[in-house]
Amino acid sequence: MWFMGFSKANCQNCYACVRACPVHAIKVKNEQAQIIKERCIVCGRCFKVCPQNAKSIKSEKEMVKHYLRGRQKVVASVAPSFAAILGEHSNKLPTALKLLGFDYVEEAVSTVHPIIKEYEKYANRPGDDTYITSFCPSVNNIIEKYYPDLAKNIIPVVSPSIFNGRVLKNKYGKETRVVFIGPCLGKKNDGHNEESIDLVLTFEELEKWLKEENIELKDLKEEPFSCSSKQLRLLPTIGGLTNSIEAKNPRKSIIQVDGIKDCMQVLDFVKKGQFKNTLIEMSSCRHSCIGGSGMPEDGVNCYERRENLKKYAKSCCENSDKKDQVVENEFSNIDFDKEFSSKEVLLNQPNSEQLREILNNMGKYEKSDELNCKSCGYHTCREKGIAVYNNMAEINMCLPFMREKAEDLSNVIFNMTPNIIAIIDKELDFVQLNPSAEQFFKTSRQNIKGIPIEMFLEEEDFKKVKDTKKNIFKQRKSIKQNDATIIQSIIWLEKNQVILWIADDITKNEELQEKLQKMKIDAIDMAQKVINKQMTVAQEIASLLGETTAETKVTLTQLKNLILEDEVSM
């Protein structure tokens, strides 16, 4: 089961997680960060650095509640780092867990003696071999996946939490549900590969659960855990596992390393044979478990947590060595062996032509183009190219390339547009002109930079926009100095604290409109004259037709009378 991921709604392509991941276990697909399970060491660094808090962790809290409602007994196995966050209320945690429904509450550190004894045996082995503690699951993951040749150097025993789970199953019965509660996301992965642990909660999840149930530790009565030695109470701090071994002057040198970066550096040295006859205590988290990835984000720093732990350890009773021996003998028949082996995941390697094509697509044509700026999360441009080849990264993750591409595009638009564009600062001085503006003002951007706009434009509208933050769009304006007419937009850019002025010179259009108007008027006048002439002609024709008609009528009447007179005389 996998339980980690990023929220798609929040991922903002900042690549902070890619840069933070020490083993490149995060791929970016469709501009969305995704964890590569096979490569992940479950250190939690990607979640800690995410500025959008886009982490998505599948909590097992509801499943724990389901167990608590069931018939089987449920026992809480609590990591010793609880005191680092609870401070003076540490002894009230058992009461709180029982209020949640747990039948038993146990401290995981109470059964750690056999593992420390085994570490002690390896610390006293003859020879120059170097050994590495196995209590940190993320360190084990680093070695098995990225330093597989050193898997043989891990002391072959389970972590204290796993061993405690086996002890609890043996103590309360195999049907008992064991819920480990600790400071580490890595324990979730570790626990799901182990039958003795049924579910895992982080302290962060526990804190939220207690708030949901309105359980306030300060209001509860104390019910201390079974007493353990002061030394074991400090187990979550640097050297907590090996200080007691070092105090006995073992054959091998003891060194303690915390933090992924330092752990990987030391592993590089071990691989090169630079460490001999050494026992190395390794923790992937800075400050060891008190800086764990599953600790609540409560604003308390690791130094305060360490002091809380030290105070709690000091206040606890000291067990006698005899009682510790009884505990050790009681569970001496429980197996704690574990085999570590290679889990290496190799990347496919592109040939030189394929890599060159990928680099070219990122704008890397020459060796000098390979800036190796690491902004994408990869150490070199070529390493990024290999990630692209393996579908772990995208071309646009190269920020210098994308910036150059964006600047080129904006420059093309700025320089090629026919619109007149000027950028004006909040002091109402010119900052920059595009070529169309240079042509309009008949000057260069170099000469006009820093010149007040009132030398060329009326500043009243600009001042109004700056003061009111209300932009002006498509305003018709006459520019007396240029004897021009423009349509202008004045836009205040709050983030940049500048004014963007965009204008269209419509002077020629205005002149053309005037000519067209004059032509229309002339045409109308001409048409009126033609109409008048036609009316005159029509009137003259009508007059002539009237006279002709009258004469015709007289002539025809006379002819008619003559004909009638002839008929009578006959």
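Ion pairing of E223 with K92 is absent here, as no side-chain N (NZ or NE/NH1/NH2) approaches a carboxylate O to less than 4.0 Å. A salt bridge is absent between R39 and E344; no separation between the charged side-chain nitrogens and carboxylate oxygens falls under 4.0 Å. Salt bridge annotation for E88-K311: absent, with no cationic side-chain nitrogen under 4.0 angstrom from a carboxylate oxygen. Note on E353 versus R356: no salt bridge recorded, every NZ/NE/NH1/NH2 to OD/OE distance being 4.0 Å or above. Between E38 and K343 there is no salt bridge, since none of the side-chain N atoms of the basic residue sits less than 4.0 Å from a carboxylate O of the acidic one. Salt bridge status for K152 with D129: absent, with no side-chain N to carboxylate O gap under 4.0 Å. Salt bridge R71/E175: absent, no basic N to carboxylate O contact under 4.0 Å. Comment: E205 does not engage K208 in a salt bridge, judged by the lack of any side-chain N to carboxylate O separation of less than 4.0 angstrom.
Under the side chain to side chain contact (heavy atoms under 4.5 Å, CB included) test applied with L93, the options V105, L220, L206 reduce to a single match, L206.
Here the closest heavy-atom approach between residue Y119 and residue L279 is recorded as O-CD2, 4.0 Å. Here the closest non-hydrogen pair linking G127 and N277 is O-OD1, 2.9 Å. The two residues N140 and S134 come nearest to each other via the heavy atoms ND2-O, 3.0 Å. Of all heavy-atom pairs between K145 and C40, the closest is NZ-O, 2.6 Å. Here the closest heavy-atom approach between residue I181 and residue A76 is recorded as CD1-CB, 4.1 Å. Residue C184 comes nearest to T202 through the heavy atom pair O-CG2, 4.2 Å, listed as atom of the first residue, atom of the second, then distance.
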Practice task
Mind running side chain to side chain contact (heavy atoms under 4.5 Å, CB included) on C376 and C398 for me, showing each step along the way?
Solution key: CA-CA 6 Å; C376 63; C398 180; 5.7 Å; no
Problem - Test log, rule side chain to side chain contact (heavy atoms under 4.5 Å, CB included), inputs K252 and R125 - result: CA-CA 8 Å; K252 297 187 181 295; R125 278 194 170 190; 4.2 Å; yes
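Taking a 6.0 Å sphere around CD of Q349, one finds it holds more than 12 heavy atoms contributed by other residues, nucleotides or ligands. Annotation for K271: atom NZ does not count as buried by contact number, only 12 or fewer foreign heavy atoms lying within 6.0 Å.
For F6 and F47, the distance between ring centers is under 6.0 angstrom. Y312 and F82 have their aromatic ring centers within a separation under 6.0 angstrom.
In summary, the side chains of D268 and Q265 do not present any donor paired with an acceptor at a separation below 3.5 Å, with no hydrogens or angles considered. Using a 3.5 Å distance cut-off with no hydrogens or angles, the side chains of T130 and N153 do not pair a donor with an acceptor. Judged by distance alone, the side chains of E222 and H89 never bring a donor and an acceptor atom under 3.5 Å apart. A donor atom on one side chain and an acceptor atom on the other are not found under 3.5 Å apart for T133 and E281. Between the side chains of T95 and K221, no donor N or O sits under 3.5 Å from an acceptor N or O. Judged by distance alone, the side chains of E60 and H192 do bring a donor and an acceptor atom under 3.5 Å apart.
Using modelled atom types, no side-chain atom of N164 and backbone atom of P160 make a donor-acceptor pair closer than 3.5 Å. Looking only at distances, no side-chain donor or acceptor of E120 sits under 3.5 Å from a matching main-chain atom of I116. The backbone N or O of T242 sits nowhere less than 3.5 Å from a side-chain atom of Q256 that would complete a donor-acceptor pair. The closest donor-acceptor contact from the side chain of N141 to the backbone of P137 lies under 3.5 Å.
How far CZ of R45 is from CZ of R286: 10.0 Å, rounded to the nearest 0.5 Å. To the nearest 0.5 Å, the span separating CG on D103 from CD on Q72 amounts to 10.5 Å. Atoms CZ and CD1, on R177 and I197 in that order, are 14.0 Å from each other to the nearest 0.5 Å. One finds the NZ atom of K73 at 9.0 Å from the OG1 atom of T176 (value rounded to the nearest 0.5 Å). Atom SG of C21 and atom OH of Y15 lie 16.0 Å apart (nearest 0.5 Å). With rounding to the nearest 0.5 Å, the separation of CG in L267 from CD1 in I143 is 5.0 Å.
A search for side-chain contact (heavy atoms from CB on, under 4.5 Å) contacts involving K29 returns Q34, not counting sequence neighbours.
Using cut-offs of 30° and 60° on the angle between ring planes, the pair F269 and F275 is tilted.
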